[in-house]
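These notes are about the structure you will find just below.
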There are 2 protein chains.
Amino acid sequence: MNGVTIGQAAAFVGVTVKTVRHYHKLGLVREPERDSSGYRRYGSADLLRLVQARTLAAAGVPLAEIGPLLDADAALFTAALADVERHLTQQIEELTARRDTLHRLADGDRALLPDRAVALLERMAGLGFAADETAATREGWVLARALVPEGFDDYLTHFEHALDDPGLVALGRRAAEAAAWEPDDPRIAELAATAAGHYLANPALLKTVTGLQARTEAGTRYMLIAHHGGERTPAAARLAELFEAELRAAGIRIPRP
Amino acid sequence: MNGVTIGQAAAFVGVTVKTVRHYHKLGLVREPERDSSGYRRYGSADLLRLVQARTLAAAGVPLAEIGPLLDADAALFTAALADVERHLTQQIEELTARRDTLHRLADGDRALLPDRAVALLERMAGLGFAADETAATREGWVLARALVPEGFDDYLTHFEHALDDPGLVALGRRAAEAAAWEPDDPRIAELAATAAGHYLANPALLKTVTGLQARTEAGTRYMLIAHHGGERTPAAARLAELFEAELRAAGIRIPRP
DNA sequence: TTGCACCCTGACCCGAGGTCAACCTCAACG
DNA sequence: CGTTGAGGTTGACCTCGGGTCAGGGTGCAA
């Protein structure tokens, strides 16, 4: 009749009855003697073992390792404790990092793109590009980074230079407007020619087009990035098509859909 | 032919292919279109969704909640984010606390008893009690705390006062010696009478006997605590029996085994 | 003696994936 | 042109740390 019941033992160490029985089944904690009615009776040594096991389990040690650990000699045990502690510290850091990521997720989709890219998008918005245009650009970048992560930084650098060119910025804004035109508007061909001329006159600029391409074996990937939005207007599609045709005519290698 | 394969998508968000498919099965992320060969093809919108889902999942949000959460409107979403963040912070605190308790594990006493109780045991040792006596006391305390946690602090307070009484301390030490006597040694009855007299003369002292008892409906619990060690010597058993009989004769209610 | 809380065993369920099998497809190489 | 290797497809079962349910036995107070 000496010893506490499983419910009291469980309450003492702060777990459920089922958990204690689970530990017995796994051999992690020895089963105590039973009383005349078959109830388990826990003595102080059993409680000690339970507390030790529970503390390790709560710290994330796999249950299968806890038994051997508690049976090991003191030197081995303290070494393992230090190990567990390092693990915990690392976990804390990870959680903290996640919390910060969530923070960023709350004020925009910064989580998807590096800060540098986000800054560029903000600069675009400041330069007069419409919100849906920068949004489309952002989506494209997300894809680009997924496909060619190793070339993305270079691409951003080229893009930064491009934003330094006021003529190009004006062209970009006009292209954004063009999306709303009729597909057969003659101004589209005109705009495509002007843009192609500007690009061809400025070889560094061409790298925003060819830079990523060089990294991908197959041109299909470029197509994906350039044409990522199937929801583009017909006018925008035609503008892109004409623009690419002009570049191709000038000897720039651009894959076809 | 536009879109990335599942492997690329998985690599981008930092999970395995299987995990992405798992998310599809749970309806957490919509399945993208298939290409002519049956491969899933992920576009930028799919990747965006995947990253969002992954970020929430990594923060510990149950997968079943993530879908609705991402479909909810912005206000609801940011509220949920704040909630998740609070949860994370709490988790970090918990982990930190666990790391601290790990330190106490190396020493069994500290794991099972509050610092105050451990200090009292050390004081007992300093007062000349034998090691096995303090060990037995410790075991009794562990059980007592498991059985009657809400009365344990009061009990410790009474015990502290008891240690301030030099006469009582001397009696305790003598009782410890008595365990080695023959069970029919006449000094045992004498000692029991002296001890009972000391207790009865000092009502506050009686609380170390009756204090815990008041908290338990059934006297059996007291018995458990007082007689927890079945391994006591016959002499010690007889001393306890006579001592209890004296108190009972004086009108103190003490349960029988 | 009737409740009620607690104990017993055993079997199945859960989340968040991992593993294995059997087969299909793509890209590159000789 | 065939082969090879990597990566895609489904489906079924495994894992860990327990939770839940079913069907029954105990202990104690009213």
Please report, rounded to the nearest Å, how far the [atom2] atom of [N] is from the [atom1] atom of [X].
X       : N      : atom1 : atom2 : result
B:Ile6  : D:dA6  : CD1   : C1'   : 15 Å
B:Tyr42 : D:dG8  : OH    : P     : 9 Å
B:Lys25 : C:dC14 : NZ    : C1'   : 16 Å
A:Leu26 : D:dG17 : CG    : P     : 8 Å
A:Gln8  : D:dG27 : CD    : C1'   : 12 Å
A:Glu65 : D:dT15 : CD    : C1'   : 15 Å
A:Ile66 : D:dC16 : CD1   : P     : 13 Å
B:Tyr23 : C:dA16 : OH    : C1'   : 8 Å

Sugar-phosphate, base or nothing in reach of A:Arg40, heavy atoms under 4.0 Å: sugar-phosphate
Nearest heavy-atom neighbours spanning A:Pro68 and A:Ala64: CD-O, 3.5 Å
Residue met sooner reading DNA chain C from 5', once B:Val61 and B:Tyr39 are mapped to nucleotides: B:Val61
Residue closer to the 5' end of DNA chain C, B:Gly60 versus B:Lys18 (nearest nucleotide): B:Gly60
Please tell me which of the listed nucleotides, [options], lies nearest to the side chain of [X]?
X       : options                : value
B:Arg21 : C:dC8, D:dT9, C:dG17   : D:dT9
B:Thr19 : D:dG17, C:dG18, C:dC8  : C:dG18
B:Arg54 : C:dG17, C:dA16, D:dG18 : C:dG17
A:His22 : C:dG17, C:dT9, D:dG17  : D:dG17

Student check: side-chain heavy atoms of A:Glu65 and A:Leu56 closer than 4.5 Å: no
Heavy-atom check, side chain of B:Arg30 versus side chain of B:Asp46, under 4.5 Å: yes
Candidate list A:Val20, A:Thr5, A:Val13, A:Val29, test side chain to side chain contact (heavy atoms under 4.5 Å, CB included), partner A:Tyr42, passing option: A:Val20
Can you tell me if [X] touches the phosphate of [N], counting only side-chain N or O atoms and a distance under 4.0 Å to OP1 or OP2?
X       : N      : answer
B:Ser37 : D:dT9  : no
A:Thr16 : D:dG19 : yes
A:Thr5  : C:dC6  : no

Gap separating the NE2 atom of B:His24 from the CD1 atom of B:Ile6, nearest 0.5 angstrom: 5.0 Å
